[in-house]
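Working notes, beginning with the structure itself.
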Amino acid sequence: MKIDWEALGSVFGVSLSATVALVALFTLGLMGLSKHEAATEQGGAATLARSGAYACFALCTAAVTYGIYLIVA
């Protein structure tokens with residue numbers, strides 16, 4: 001049996017980068033929600049923080065849904 005190390009490394013690299021990107025998006029969403037709460041108390045731009053957080057969560061949901069689609073289909 002021969003292992004294709006180049007393909008294995010490619011899969012590892014793409015998986016690692018996708019995981020880091022997904023975690024970063026989720027973290028930005030959580031930070032946006034916390035900024036929304038702080039901005040609400042201080043009277044700042046709460047709508048922009050909430051919209052950005054929801055956009056990050058929507059992108060996370062889209063990425064996870066696409067991953068499940070690739071596995072199932």
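Every value quoted in this text rests on a predicted model; they were computed, and no experiment measured them. The figures here come from the full heavy-atom set of this structure, side chains too, leaving out hydrogens, waters and symmetry mates.
In the hydrophobic clustering (ILVMFWY side chains linked at under 4.5 Å, chained through shared members), Y69 is joined by Y66, L70. Hydrophobic side-chain contacts under 4.5 Å tie L25 into a cluster, directly or through other members, with L59.
A donor-acceptor pair under 3.5 Å is formed between the side chain of S34 and the backbone N or O of M31. No donor-acceptor pair closer than 3.5 Å links the side chain of S10 to the backbone N or O of E6.
Note that OG1 of T27 and CG of L22 are 9.5 Å apart. Values are rounded to the nearest 0.5 Å.
The closest side-chain heavy-atom distance from I68 to V64 is below 4.5 Å.
Contact between G32 and A49 at its shortest, heavy atoms only, is O-CB, 3.6 Å. The heavy-atom pair separating C56 from L28 by the smallest distance is SG-CB, 3.8 Å.
Partners of F26 according to the ring-ring contact (aromatic ring centres under 6.0 Å, His included) rule, which considers only residues two or more places apart in sequence or in another chain, are F57.
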